[in-house]
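This is a predicted model, so every value here is computed, not measured. Each chain gets a letter, A, B and so on, in the order its sequence line appears, and its residues count up from 1.
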There are 2 protein chains.
Amino acid sequence: MLKLSKLTDYAVVALVRLGQKEGVTTSPVLSRSTGIPEPTVAKVLKILATQGVVISQRGARGGYRLASPLEEISIATVIQAIDGPISLTTCVDGGDCDARSTCGLGEQWDLVNSAIRNALSSITLADMKNHTVTDRLETMNAPTMFIAPEATA
Amino acid sequence: MLKLSKLTDYAVVALVRLGQKEGVTTSPVLSRSTGIPEPTVAKVLKILATQGVVISQRGARGGYRLASPLEEISIATVIQAIDGPISLTTCVDGGDCDARSTCGLGEQWDLVNSAIRNALSSITLADMKNHTVTDRLETMNAPTMFIAPEATA
DNA sequence: ACTAATTGGACCGAAACAGTACTGTTTCAT
DNA sequence: ATGAAACAGTACTGTTTCGGTCCAATTAGT
Ligand code: FES
Ligand code: FES
């Protein structure tokens, strides 16, 4: 269905909320604040901590805090942290493709990958809480990336 | 991992190859031509036929042919035909989200959805077969376009 | 030093996915 | 009319990934 995992969904919510807090915040608090089940938010934060998106403080009086301001964390970063690398292809890196030599368009997939990554990188967590950016996206979405120039001909 | 299903991968390959043939082409022929296992390519074509992406000709001397020229079929169309609708959110339509009322950023997800859909719609199957773009990609493909704090596998 | 609070990492069940096989229906060639 | 070729649809099975839960390691405070 090409949907990002629910964990990633929750991660974005948790991070945005975390960015609005002062100091460190614990999993239970974040859970109550967002409505996400406690075990789930705990797991999400754990993963994000290993990826360096959030800083964890262990022990009593511990908790999590954002490693970077909300504006500098892109959706792509969160997805990568939770779901792993963004490679739509299944072919480019893994190599477990049966075709490979016969399909002929192996390299072209990078086109798609770049497009996706570009789109995902242009949205930050700050945009997710800020309603003013909705209009700005309209101009940002112009398909003027690096699509084949003569491909449209 | 945010990857499109392998079926979709195969679908793109099959469609591009199909667009380079004259008249109708059978599944076995397409299988040999692409290197994709016969049963799989058959399944993919079947799905694409129900979605109207390809036209099927039944009976002896039958086969498949593209419903539209390659230039008019976008990657997004193929993904939607195989994997279903592109909704990254899991929240907007399904409604099986535990947070919903407390998360507060439900509407903002459309931002992400639009970005993805736009990126995917701007690439056509014709772009995938065009090898002149391959070289161009080498120069234009930014090595890292988003911050990867510690992308250790 | 002890205790309580909190994160870290491992484990397990469930669901979706990829692939395969079979049977039926349609059409062309003989 | 008959037989073969090719698509259509359904059902089944093995595998992988995802979502959720549980227990162990770590630290602050008393
Ligand atoms: S390498 Fe996987 S389809 Fe070409
Ligand atoms: S509706 Fe699902 S996280 Fe907000």
So, does B:Thr50 get its side chain near the phosphate of D:dA8, meaning an N or O under 4.0 Å from OP1 or OP2?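 No.
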N/O (side chain, A:Ser56) to phosphate O (OP1/OP2, C:dG8) under 4.0 Å: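 Yes, because at least one side-chain N or O of A:Ser56 sits under 4.0 Å from OP1 or OP2 of C:dG8.
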Give the rounded distance in Å between these two atoms: [atom1] of [X] and [atom2] of [N].
{"X": "A:Asp83", "N": "C:dA16", "atom1": "CG", "atom2": "C1'", "result": "14 Å"}
{"X": "B:Leu45", "N": "C:dG19", "atom1": "CG", "atom2": "P", "result": "15 Å"}
{"X": "A:Arg65", "N": "C:dT6", "atom1": "CZ", "atom2": "C1'", "result": "16 Å"}
{"X": "B:Leu7", "N": "C:dA16", "atom1": "CG", "atom2": "C1'", "result": "12 Å"}
{"X": "B:Lys3", "N": "C:dC17", "atom1": "NZ", "atom2": "P", "result": "9 Å"}
{"X": "A:Ile82", "N": "D:dG20", "atom1": "CD1", "atom2": "C1'", "result": "14 Å"}
{"X": "A:Ile47", "N": "D:dT17", "atom1": "CD1", "atom2": "C1'", "result": "13 Å"}
{"X": "A:Lys6", "N": "C:dA14", "atom1": "NZ", "atom2": "P", "result": "16 Å"}

Taking the side chain as every heavy atom from C-beta outward, state whether [X] and [Y] have any pair of such atoms under 4.5 Å apart.
{"X": "A:Thr124", "Y": "A:Ile73", "value": "no"}
{"X": "B:Val16", "Y": "A:Gln108", "value": "no"}
{"X": "B:Leu70", "Y": "B:Met128", "value": "no"}

For DNA chain C, what is the dot-bracket line, given that a base pair needs Watson-Crick (N1 to N3, plus N6-O4 or O6-N4) or G-U wobble (N1-O2 and O6-N3) geometry with both distances under 3.5 Å, and | means paired with another strand? ||||||||||||||||||||||||||||||
If the test is side chain to side chain contact (heavy atoms under 4.5 Å, CB included), which one of A:Leu4, A:Val12, A:Ile116 qualifies with A:Ile79?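 Exactly one pass, corresponding to A:Leu4.
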Results of side-chain contact (heavy atoms from CB on, under 4.5 Å) for A:Ala42 - residues two or more places apart only: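 For A:Ala42 the side-chain contact (heavy atoms from CB on, under 4.5 Å) partners, ignoring immediate neighbours, are A:Ser27.
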Can you figure out which of [options] approaches the side chain of [X] most closely?
{"X": "B:Tyr10", "options": "C:dG9, C:dG19, D:dC18", "value": "C:dG19"}
{"X": "A:Thr40", "options": "D:dC7, D:dG20, C:dG8", "value": "D:dG20"}
{"X": "B:Thr26", "options": "C:dG9, D:dC7, C:dT7", "value": "D:dC7"}

Go along nucleotides 21-30 of chain C 5' to 3' and tag each nucleotide: B for a protein heavy atom under 4.0 Å from its base, S when only backbone or sugar atoms are that close, - otherwise. ---BBBBBS-
Could you tell me whether a side-chain N or O of A:Ser31 sits under 3.5 Å from a main-chain N or O of A:Ile36, the two making a donor and an acceptor?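 Yes.
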Is there a donor-acceptor contact under 3.5 Å from the side chain of B:Asn118 to the main chain of B:Ala115?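 Here the side-chain-to-backbone pair does not exist.
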Do you know which two heavy atoms are closest between B:Gly19 and B:Leu66, and how far apart they sit?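 Scanning both residues, the minimum pair turns out to be CA-CD2, 3.6 Å.
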B:Tyr64 vs A:Lys43, nearer the 5' end of DNA chain D by closest nucleotide: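 Comparing both residues, the 5'-ward one is B:Tyr64.
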Side chains of A:Ser33 and A:Arg17: do they bring a donor and an acceptor to under 3.5 Å?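 Present: a donor and an acceptor within the cut-off.
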